[in-house]
Student: 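My questions will all concern the structure given below.
Index from 1, following the sequence.
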Amino acid sequence: MNIEIYTQDNCPPCEFIKNYFRQSSLQFKEKNIKNMAYKIEMIDYDALSTPLIKIDEKLFYTPDIEAIEKYMETKNV
């Protein structure tokens, strides 16, 4: 399972979702959009705000834990 989280500095929802994945012992790659390449990637996904959570090819535009857990259940995580 590949987890990427597009974040920005001083973003409470970004910290919330990163802490969720850390507490769940799930590794993720953080992509801070102060890096222009990551910002362009995020815009290419039609995301206008952070965090954008990408699990494999599934996109979550909000830190909706219930939806994320439901999706991960289908992946047997």
Side-chain angles (χ1 to χ4, degrees):
M1 177 172 296
N2 183 37
I3 301 171
E4 298 175 349
I5 306 172
Y6 292 83
T7 65
Q8 62 183 320
D9 296 339
N10 301 315
C11 169
C14 298
E15 291 304 316
F16 170 79
I17 199 65
K18 290 188 297 184
N19 286 333
Y20 166 77
F21 283 112
R22 285 184 192 117
Q23 290 173 357
S24 299
S25 299
L26 294 169
Q27 293 186 4
F28 61 89
K29 179 176 183 179
E30 180 177 1
K31 293 186 167 186
N32 191 306
I33 63 169
K34 67 183 171 189
N35 176 320
M36 188 54 73
Y38 294 153
K39 187 173 189 173
I40 291 168
E41 283 178 24
M42 190 180 94
I43 291 169
D44 286 344
Y45 290 125
D46 294 325
L48 302 176
S49 63
T50 57
L52 170 66
I53 302 110
K54 183 178 176 201
I55 303 175
D56 297 328
E57 295 305 315
K58 175 77 171 163
L59 297 172
F60 297 90
Y61 292 90
T62 62
D64 183 343
I65 298 301
E66 187 175 315
I68 291 168
E69 288 179 345
K70 192 173 193 178
Y71 175 76
M72 291 196 311
E73 283 175 13
T74 68
K75 296 292 185 178
N76 296 317
V77 175

Student: Would you say F60 ends up clustered with I3 if hydrophobic residues are merged whenever their side chains have heavy atoms under 4.5 Å apart, either directly or through other cluster members?
Tutor: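 In one cluster with I3: F60, yes.
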Student: Please list all pairs passing the side-chain hydrogen bond (donor to acceptor under 3.5 Å, both in side chains) test where one or both residues lie in residues 60-71, with sequence neighbours left out.
Tutor: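 Matches after skipping sequence neighbours: Y20-E69.
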Student: Mind checking the CE-CG spacing from M72 to L26? Nearest 0.5 Å is all I need.
Tutor: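 M72 CE to L26 CG: 5.0 Å, rounded to 0.5 Å.
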Student: Among residues two or more places apart or on two chains, list those pairs meeting salt bridge (charged side-chain N to carboxylate O under 4.0 Å, His left out) that have a residue in residues 16-31.
Tutor: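 The answer is E4-K31, E15-K18, K18-E30, K31-E41.
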Student: Could you list the cluster mates of I40? Members are the ILVMFWY residues connected by side-chain heavy atoms closer than 4.5 Å, either directly or through other members.
Tutor: M36
Student: Can you list the residues that meet the salt bridge (Lys or Arg N to Asp or Glu O under 4.0 Å) rule with D9, with sequence neighbours excluded?
Tutor: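 Residues passing salt bridge (Lys or Arg N to Asp or Glu O under 4.0 Å) with D9: K34.
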Student: Would you mind listing every side-chain hydrogen bond (donor to acceptor under 3.5 Å, both in side chains) that reaches into residues 43-54, with sequence neighbours excluded?
Tutor: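 Sorted result for residues 43-54: Q8-T50, Y45-K54.
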Student: Output the distance between atom CD1 (I53) and atom CZ (F28), rounded to the nearest 0.5 Å.
Tutor: 10.5 Å
Student: Among residues two or more places apart or on two chains, list those pairs meeting disulfide (SG to SG under 2.5 Å) that have a residue in residues 34-63.
Tutor: none
Student: Treating D56 as the side-chain partner and N2 as the backbone partner, does any N or O pair qualify as donor plus acceptor under 3.5 Å?
Tutor: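 Yes; at least one donor-acceptor contact below 3.5 Å.
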Student: Find out if a path of hydrophobic residues (ILVMFWY) with successive side-chain heavy-atom gaps under 4.5 Å connects I68 to L59.
Tutor: no
Student: Name all pairs fulfilling the disulfide (SG to SG under 2.5 Å) condition that reach into residues 9-70, sequence neighbours left out, sorted by first residue then second.
Tutor: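 Listed once each, the pairs are C11-C14.
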Student: Test of understanding: clusters of I, L, V, M, F, W, Y form through side-chain heavy atoms closer than 4.5 Å, transitively. Do I55 and I65 belong to the same one?
Tutor: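 Yes: a chain of side-chain contacts under 4.5 Å links I55 to I65.
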Student: Could I get the full list of salt bridge (Lys or Arg N to Asp or Glu O under 4.0 Å) partners for K39, not counting sequence neighbours?
Tutor: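 K39 satisfies salt bridge (Lys or Arg N to Asp or Glu O under 4.0 Å) with no other residue.
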Student: Looking at OH of Y6 and CD1 of I43, how far apart are the two atoms once the value is rounded to the nearest 0.5 Å?
Tutor: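 With rounding to 0.5 Å, OH (Y6) is 11.0 Å from CD1 (I43).
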Student: Which residue pairs satisfy the disulfide (SG to SG under 2.5 Å) criterion with at least one member in residues 26-64, sequence neighbours excluded?
Tutor: none
Student: How far does CE of M42 sit from CD1 of I5, to the nearest 0.5 angstrom?
Tutor: 13.5 Å
